[in-house]
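Inspection log for the structure reproduced underneath, given as structure tokens.
Nothing here was measured: the structure is a model prediction, and the numbers come from that model.
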Amino acid sequence: MLKIQRAELRNSWPAWLGVSIVFLVLSLVFVFSALTVVSGFTAVANGEMVLEQSGEFTLVPLTNFVLGGIVGLGVVSSSVSLVIDCRRGALARLALAGATPGQVLGTVLGQLAAVTLACALIADVICLATLGPGLNLLAAVRTEPDMLVVAPTPVHDLGVVLLTNLLTVGFALLAGLGQARRASRIPPVEALRQAEAATSRRRVVLPVLGAVTALLVTGIAFGMLPVLAQARNKETASNVMQLAIAVLLTTTLAFASVAHLYVGHLARFWTGLIPVRSASWQIARRNVSRRGARFARSVTPVMFTVAILLGMTVVMPTIAATTAAAGYEIQLSGAGIGPVLTMVGPALAIALAGGVGSLLMMSKQRDAELALTGVLGATPGQRRTLPVLEAVIIAVTALFPALIAVGVELAYFHFGLPAAGYAAVLSVPWGSFVGAFVVTLLITIAATFLPTLPALRKPERQVLARLAAE
């Protein structure tokens, strides 16, 4: 059995490679944040800077840990699920060879740990090499006309790096544990056929519990507003901004936890409202609905990306409009937007990596579908159009829950800014709002369409034969 598990580990690397960008970016966020925190507190201890002026190098990196972790929970779980779906037959053969559910579970978790650790080691080298320039960049972003921020001396603490690597591996195992357990319940008969698992009671209850937990955290954030009002100080407005971004992510996490229960129905509903009868559109929307949970796992990271991008566009305009109404003026310069970018940028990078990775993982299935449509008579132009339409369906479907999450963020500003002593004035820059979604849409189209080009250049039967052989 040990030899079989080793062979499974060797054979699984192509599938894990497709989503490895997620684990690499997650490791980059965690390791760089940890080194920044150590450098910041060391500078405070050595007298290089005072604690009150070290927020960019102490508080913000800690916030990156939290926000990156919230996004990472959903994105890593979705990525692991895609790998398991890709290797259902191989995992079933383990059970067919006599592996117990516990051994299958251990095999999947072992693969997850190995991939995460390998990505973490690459991230270590990158972060250690770029820590100095990275700290200087953070200082430049924070610097304002009336305040010069000096970067702390870089501290290349290998012990902290190793501890962060262990933390990253543990986090990935926690995020992927539910999906690994699902893999351990794949019946041996799946070795003879590839079929998507039916939605079981367990696959409904646990995700719903996860969504409820995320919503409870959101409710707790709203419940903190009276406390912030009673203990009002100069940092209250900043705390409200950070909590508003946090509720944006926890609300999105709640939607992501139960995405497989509603995303397919949502896509069928809104695509059915489009009065387009072209064959390409009808095939695209039916292909998406047939994928079920796999489609939901492609939507999840795109949902996070859209929510974060749209949420970022309303933060600084709302703060500017609110302070202007109170008689203060702030400039939306790079220095003003910079702190927001440093706070949510790492979480955005994790979400974006998850979106690209999930779409790349679906490329083989997409190649098979396009080849089948070619065999059935689809023209080359229609085959090129189908992946573009699929990307549009994914992005627009992700937009709906993302808009609700942004609405919750705005609601937090509405009720939270008065706690800081301001009358809230909500501002949505619609040009930037639409532009942020268009950027996400273009990235989704590129990640969906470009991987299909090699298969589109080959005869359909050759593509199907190659996929059948694999």
Side-chain angles (χ1 to χ4, degrees), residues 33 36-37 40-41 44 50-74 142 209-257 304 307-308 310-312 314-328 330 336-347 404-428:
S33 297
T36 302
V37 168
F41 279 112
V44 172
V50 296
L51 182 63
E52 291 76 10
Q53 296 178 348
S54 67
E56 192 68 24
F57 310 102
T58 53
L59 180 61
V60 171
L62 292 174
T63 304
N64 289 337
F65 267 111
V66 176
L67 300 184
I70 293 173
V71 176
L73 281 174
R142 192 70 177 185
L209 288 177
V212 170
T213 301
L215 291 177
L216 284 176
V217 174
T218 304
I220 291 172
F222 276 92
M224 292 176 60
L225 292 178
V227 178
L228 292 175
Q230 292 178 0
R232 181 184 303 166
N233 54 48
K234 64 179 182 179
E235 297 296 329
T236 302
S238 176
N239 293 335
V240 168
M241 182 182 73
Q242 294 178 37
L243 288 172
I245 295 172
V247 299
L248 168 76
L249 297 182
T250 54
T251 304
T252 308
L253 181 61
F255 279 112
S257 299
F304 273 108
I308 295 173
L310 298 186
M312 284 173 56
V314 304
V315 171
M316 291 308 297
T318 293
I319 292 176
T322 298
T323 54
Y328 302 97
I330 67 171
I337 299 175
V340 178
L341 291 176
T342 57
M343 187 180 303
V344 302
I404 297 176
V406 174
V408 175
E409 179 193 38
L410 289 173
Y412 199 88
F413 276 122
H414 176 75
F415 294 107
L417 288 174
Y422 297 95
V425 180
L426 304 182
S427 177
V428 179

Check the pair Val71 / Ile308 against side-chain contact (heavy atoms from CB on, under 4.5 Å), numbers first and verdict last.
CA-CA 10 Å; Val71 176; Ile308 295 173; 4.1 Å; yes

Under the side-chain contact (heavy atoms from CB on, under 4.5 Å) criterion, do Phe413 and Val425 qualify, and how do the steps go?
CA-CA 9 Å; Phe413 276 122; Val425 180; over 6 Å; no

Value for OG1 (Thr322) from CG (Leu426), rounded to nearest 0.5 Å, stands at 7.0 Å

Could you tell me which non-hydrogen atom of Ala211 sits nearest to which non-hydrogen atom of Ala254, and how far apart they are?
CB-O, 3.5 Å

Kindly compute the distance separating CG (Leu209) from OG (Ser257), expressed to the nearest 0.5 Å.
10.0 Å

Going from CG on Leu249 to CG on Leu73, what distance comes out if it is rounded to the nearest 0.5 angstrom?
11.0 Å

Do you see a donor-acceptor pair shorter than 3.5 Å between the side chains of Thr250 and Thr218?
yes

When you look at Thr318 and Leu410, which way does the side-chain contact (heavy atoms from CB on, under 4.5 Å) test go after all the steps?
CA-CA 9 Å; Thr318 293; Leu410 289 173; 4.2 Å; yes

What I'd like to find out is whether the side chain of Thr251 reaches to under 4.5 Å of the side chain of Glu409, using heavy atoms alone.
no

Closest approach of Ala256 and Phe304, non-hydrogen atoms and distance?
CB-CE1, 3.7 Å

What are the two closest non-hydrogen atoms of Gly311 and Val406, and how far apart are they?
N-CG2, 3.9 Å

Could you walk me through whether Phe57 and Val44 pass side-chain contact (heavy atoms from CB on, under 4.5 Å), step by step?
CA-CA 10 Å; Phe57 310 102; Val44 172; over 6 Å; no

With a 3.5 Å distance limit and no angle check, can you tell me whether Tyr412 reaches the backbone of Ala221 through a side-chain donor-acceptor pair?
yes

Note: Ala237 and Tyr422 closest approach over all heavy atoms is CB-CE1, 4.2 Å

Checking side chain to side chain contact (heavy atoms under 4.5 Å, CB included) between Gln242 and each of Val66, Val344, Val60, Leu59, which is the one that passes?
Leu59

Nearest 0.5 Å, what's the CE-CG distance between Met241 and Leu417?
10.5 Å

Here the pair of heavy atoms bringing Thr36 nearest to Pro61 is CG2-CG, 3.5 Å

How close do Leu225 and Ala419 get, counting heavy atoms only, and between which atoms?
O-CB, 3.8 Å

Separation between CG of Leu243 and CG of Leu228, rounded to the nearest 0.5 Å:
6.5 Å

